Amino acid sequence: MDPLTATMEDCFDVSDDAEKEDDEEEEEEEATAHLRNRFRISTISIAESEAKRNNVEISKSVIVCISDLAFKYAEQLADDLELFAHHANRKIVNMKDVILSAHRNKHLADTLRSFSHDLKAKEPQSEKKRKKSSNKEDKAFPSVLHIDP
Amino acid sequence: RVKIEDGETSKVEVTNPNAVRLSSELLRLFVTEAVQRAATIAEAEGGTKIEATHLERILPQLLLDF
């Protein structure tokens, strides 16, 4: 399986400099390339299922292009989230930070907000009242609060 | 389909798992929008295959929306 190494560079100029002397930089490059590949795998499955819904085919190069775009977007997103969390004097990035990063698009923000409410509702340990009688109940109903991936 | 994402580690920081799920949903929406919009253009032109030219046309608005 080698769709991952297909080069399509119409949209992107990814030039590999062979001049990197630092080992650390090389490791970072490898880690980045590894992440990018994993991104491509996920993107392929998402794009294929979307394409089936519309009964259209997608060419490989387009998928790789979309995946690299999403990767760049994810990098920017991670930077933004770090800044937001730091701005709120926190060390842990929250769901609120993610919703804030989508503030420019109201529809998007609302979608994310309702998705986040669903996630909160699924949390098994959100209520402290359950501690007293929870142990027996949890063993009796192990699958009720299972989060499906 | 949850994409497992490594948060950037330039400063010492961790991410709450729900936030990771939410951001992977965001990225999934990005990919979905891109495919859907490109598919619309491809169909409008009467073809059944999404090509790079279709992607080109929807790119500016997509980047503005996200």
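This one's a predicted model, so the numbers in the text were calculated from it and none came from an experiment. In what follows, chains carry the letters A, B, and so on, assigned in the order in which the sequence lines appear, proteins first and then strands, with residues in each chain numbered from 1. Scope of the values below: all heavy atoms of this structure, side chains included, with no hydrogens, waters or symmetry mates.
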Minimal non-hydrogen separation, [X] against [Y], with atom names:
X: Ala19(B); Y: Val93(A); answer: CB-O, 3.7 Å
X: Arg21(B); Y: Phe115(A); answer: O-CE2, 4.3 Å
X: Val31(B); Y: Ala70(A); answer: CG2-CB, 4.2 Å
X: Ile92(A); Y: Thr15(B); answer: CG2-C, 4.2 Å
X: Val62(A); Y: Glu51(B); answer: CG2-C, 3.4 Å

Distance in Å, [X] [atom1] paired with [Y] [atom2], rounded so as to fall on 0.5 Å steps:
X: Ile63(A); Y: Leu55(B); atom1: CD1; atom2: CG; value: 11.0 Å
X: Arg53(A); Y: Gln36(B); atom1: CZ; atom2: CD; value: 5.5 Å
X: Arg28(B); Y: Glu50(A); atom1: CZ; atom2: CD; value: 7.5 Å
X: Leu63(B); Y: Leu69(A); atom1: CG; atom2: CG; value: 6.5 Å
X: Leu22(B); Y: Met95(A); atom1: CG; atom2: CE; value: 6.5 Å
X: Ile50(B); Y: Ile58(A); atom1: CD1; atom2: CD1; value: 4.0 Å

Of the listed residues (Glu56(B), Glu25(B), Glu33(B), His54(B)), which shares the most heavy-atom pairs with chain A below a 4.5 Å separation?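 If we count pairs closer than 4.5 Å to chain A, Glu25(B) comes out on top.
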Taking every non-hydrogen pair under 4.5 Å, which of Leu26(B), Leu62(B), Thr40(B) racks up the most with chain A? Leu26(B)
Name the region of Leu112(A), side chain, backbone, both or neither, that has any atom closer than 4.5 Å to a heavy atom of chain B.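 Its backbone and side chain both get close to chain B.
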Proximity breakdown for Ser67(A) and chain B, heavy-atom pairs closer than 4.5 Å: neither
Step by step, work out the side chain to side chain contact (heavy atoms under 4.5 Å, CB included) result for Leu77(A) and Ser23(B). CA-CA 9 Å; Leu77(A) 180 65; Ser23(B) 28; 4.0 Å; yes
Give the ring-plane orientation class for Phe66(B) versus Tyr73(A), where under 30° counts as parallel, over 60° as perpendicular and anything between as tilted.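 Plane angle over 60°, so perpendicular.
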Heavy-atom contact with chain A under 4.5 Å, split by part of Leu29(B):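 The side chain, not the backbone.
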Relative to chain A, which segment of Glu43(B) carries a heavy atom at a distance below 4.5 Å: side chain, backbone, both, or neither? side chain
Side-chain (Asn105(A)) to main-chain (Asp65(B)) donor-acceptor, under 3.5 angstrom: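 A pair under 3.5 Å: yes.
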4.5 Å side-chain heavy-atom contact, Thr48(B) and Asn55(A):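 Thr48(B) vs Asn55(A): side chains apart.
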